[in-house]
Amino acid sequence: MSDIGYSGVIHLVGLGGAGTNIVESFLKNEKTMELLESGVTRLSLMALDIADPDIKSLEEAHKKVLDAMKRNGVPRERLSLIARSIKFPSAEAMFDFVHHKFSEHLVNEGIRVKEYYPWLPSTVAIPPLAGGAGRRRSLAKAIYNLNYYQLGIIKSLINMYKDHALSSINAPIILLLFGLGGGTGSGIVFDFARHLRKSVGSGVPILALCVLPCAGDDPPAKGYSAFN
């Protein structure tokens with residue numbers, strides 16, 4: 001990085017399927033290995049999704065990169081990956097959290113809520129989560145916040161990610177990657193960015209890159225959904 005004039009290092013966070021796929025492509029790129037071999041940084045990557053396949057694919061790519069690092073004598077601590085598919089214990093627990101507990105957490109964070117309206121009705125149909133949120137941003141937001149506040153899983157993951165990113169010799173820059181047409185990435189990005197900012201402090205730049213739907217996407221991903 002120093003050879004081309006950069007004094008900072010970009011660390012990636014992929015949210016949803018699109019974001020996770022971009023993190024995997026970045027990890028598999030030969031220039032990423034060159035960066036790790038140069039020794040100028042400790043690279044931190046993170047991916048969160050509700051669906052399982054993309055996270056599993058990223059984990060497999062990570063294992064191959066670790067093997068290559070070992071063969072090339074690159075220290076293991078130069079690369080950190082946190083990849084997790086997030087779920088919830090039961091539909092009843094999730095609806096109870098949205099309707100009765102989420103507003104309390106906001107108040108505890110100093111966010112004033114004049115009138116709280118639960119955004120997820122208890123009658124909503126929940127798709128098989130192995131395939132994702134089914135284009136439902138409202139469902140993704142509920143699952144994310146349940147895992148952050150009540151289960152504490154995502155809060156712990158963010159703190160782990162922060163510790164590694166801030167240990168980099170160069171000034172860290174964090175780039176959030178997500179798709180605008182899906183349910184998970186665009187459904188959790190605002191909450192995640194707020195929580196990440198709280199964790200890393202005000203001195204770390206946080207940027208976002210969203211992927212617009214293309215002609216090959218299914219109809220629910222295009223049109224007014226992405227526009228909204």
Open item on the list: Please confirm whether the ring centroid of His195 lies under 6.0 Å from the ring centroid of Phe190.
Closed with: no
TODO: Compare all side-chain heavy atoms of Glu24 with those of Asp54 and state whether any distance is below 4.5 angstrom.
DONE: no
- [ ] Answer with yes or no whether the side chains of Asp49 and Ser85 bring together a donor and an acceptor at under 3.5 Å.
- [x] no
Open item on the list: Are Val189 and Leu106 connected into the same hydrophobic cluster when the rule is that any two of I, L, V, M, F, W, Y join if their side-chain heavy atoms are below 4.5 Å apart?
Closed with: yes
- [ ] Could you tell me which non-hydrogen atom of Ala140 sits nearest to which non-hydrogen atom of Gly187, and how far apart they are?
- [x] CB-CA, 4.4 Å
Open item on the list: Within the structure provided, determine whether Ile174 and Tyr161 are in side-chain contact (heavy-atom separation under 4.5 Å).
Closed with: yes
Task: Nearest-0.5 Å distance that lies between atom CE in Met94 and atom NZ in Lys87 - done: 12.0 Å
TODO: Might you work through the side-chain contact (heavy atoms from CB on, under 4.5 Å) test for Asn147 and Leu157, ending with a clear yes or no?
DONE: CA-CA 10 Å; Asn147 276 269; Leu157 296 178; over 6 Å; no
TODO: Kindly compute the distance separating OG (Ser44) from NZ (Lys162), expressed to the nearest 0.5 Å.
DONE: 12.0 Å
Open item on the list: I want to check something: taking the side chain as every heavy atom from C-beta on, are Leu139 and Arg137 in contact at a cut-off of under 4.5 Å?
Closed with: no
TODO: Nearest 0.5 Å please: distance from the CG atom of Leu27 over to the CG atom of Asn29.
DONE: 9.5 Å
TODO: Determine, step by step, whether Leu177 and Leu175 satisfy the side-chain contact (heavy atoms from CB on, under 4.5 Å) criterion, reporting the C-alpha distance in whole Å, the side-chain angles of both residues, the deciding distance to 0.1 Å, and the verdict.
DONE: CA-CA 6 Å; Leu177 307 158; Leu175 181 62; 3.8 Å; yes
- [ ] State, to 0.1 Å, how close Ala47 and Thr20 come at their nearest heavy-atom pair, and which atoms those are.
- [x] CB-OG1, 3.8 Å
Identify all side-chain donor-acceptor contacts of residues 117-126 below 3.5 Å with residues at least two apart in sequence or on another chain.
from, atom 1, to, atom 2, distance (Å)
Tyr117, OH, Glu115, OE1, 2.7
Trp119, NE1, Ser138, O, 2.9

Task: Nearest-0.5 Å distance that lies between atom CD1 in Ile50 and atom OH in Tyr144 - done: 12.0 Å
- [ ] Check whether any side-chain heavy atom of Phe178 lies under 4.5 Å from a side-chain heavy atom of Val211, and answer yes or no.
- [x] no
Task: Residue pair Leu81 / Met46, side-chain heavy-atom distance below 4.5 Å - done: no
TODO: Apply side-chain contact (heavy atoms from CB on, under 4.5 Å) to the pair Leu66 and Arg76, showing each step before the final yes or no.
DONE: CA-CA 7 Å; Leu66 289 180; Arg76 171 68 179 80; 3.5 Å; yes
- [ ] Search all heavy atoms of Pro75 against all heavy atoms of Met69 and return the closest pair with its distance.
- [x] O-CE, 3.3 Å
Open item on the list: Has Ser167 got a side-chain atom pairing as donor or acceptor with His164's backbone, closer than 3.5 angstrom?
Closed with: yes
Task: For Ala165 against Pro172, the heavy-atom pair lying closest together - done: O-CB, 3.8 Å
Open item on the list: Listing request: all salt bridge (charged side-chain N to carboxylate O under 4.0 Å, His left out) pairs with a residue in residues 186-207, at least two apart in sequence or in separate chains.
Closed with: Glu109-Arg194, Glu109-Lys198, Lys141-Asp191, Asp191-Arg194
Task: Ile82 vs Ile158, side-chain contact (heavy atoms from CB on, under 4.5 Å): CA-CA, chis, key distance, verdict - done: CA-CA 9 Å; Ile82 297 173; Ile158 289 177; over 6 Å; no
Task: Salt-bridge present (Glu60, Lys63; N to O < 4.0 Å) - done: yes
Task: Leu12 reachable from Leu207 in the ILVMFWY side-chain graph, under 4.5 Å edges - done: yes
Open item on the list: Minimum heavy-atom separation for Ala68 and Met33, please, with both atom names.
Closed with: CB-CE, 3.6 Å
TODO: Without swapping roles, check the side chain of Arg78 against the backbone of Leu36 for a donor-acceptor pair under 3.5 Å.
DONE: yes
- [ ] Check the angle between the aromatic planes of Tyr149 and His105 and answer parallel, tilted or perpendicular using the 30° and 60° thresholds.
- [x] parallel
- [ ] Given side chain to side chain donor-acceptor pair (under 3.5 Å), test Asn159 with Ser199 step by step and report yes or no.
- [x] CA-CA 6 Å; Asn159 287 332; Ser199 179; 3.1 Å; yes
Open item on the list: With a sphere of 6.0 Å drawn around CD of Glu34, does it hold more than 12 non-hydrogen atoms of other residues, nucleotides or ligands?
Closed with: yes
Open item on the list: Please check this pair: side chain of Asn72 against backbone of Val74, looking for a donor-acceptor N/O pair closer than 3.5 Å.
Closed with: no
Task: Any side-chain heavy-atom pair of Ile143 and Ile188 under 4.5 Å - done: no
TODO: Flag the pair Leu43 / Leu45 as yes when at least one side-chain heavy-atom distance between them is below 4.5 Å, and no otherwise.
DONE: yes
Open item on the list: As an exercise, state the distance from CZ of Phe102 to OH of Tyr116, rounded to the nearest 0.5 Å.
Closed with: 6.0 Å
- [ ] Heavy atoms only: give me the nearest Ser90-Ala93 pair and the separation to one decimal.
- [x] OG-N, 3.1 Å
Task: Reported CG-to-CD1 distance for the pair Asn145 and Ile154, which is rounded to 0.5 angstrom - done: 8.0 Å
Open item on the list: Under 4.5 Å between side-chain heavy atoms, counting indirect links through other Ile/Leu/Val/Met/Phe/Trp/Tyr residues: same cluster for Ile55 and Val13 or not?
Closed with: no
Task: Donor-acceptor under 3.5 Å (Ser156 side chain, Gly152 main chain) - done: no
Open item on the list: Is there a continuous path of hydrophobic side-chain contacts, each under 4.5 Å between heavy atoms, that joins Leu58 to Leu209?
Closed with: yes
Open item on the list: Donor-acceptor check, side chain of Arg42 to backbone of Glu77, threshold 3.5 angstrom: yes or no?
Closed with: yes
Task: Close side-chain approach of Leu79 and His62, heavy atoms under 4.5 Å - done: yes
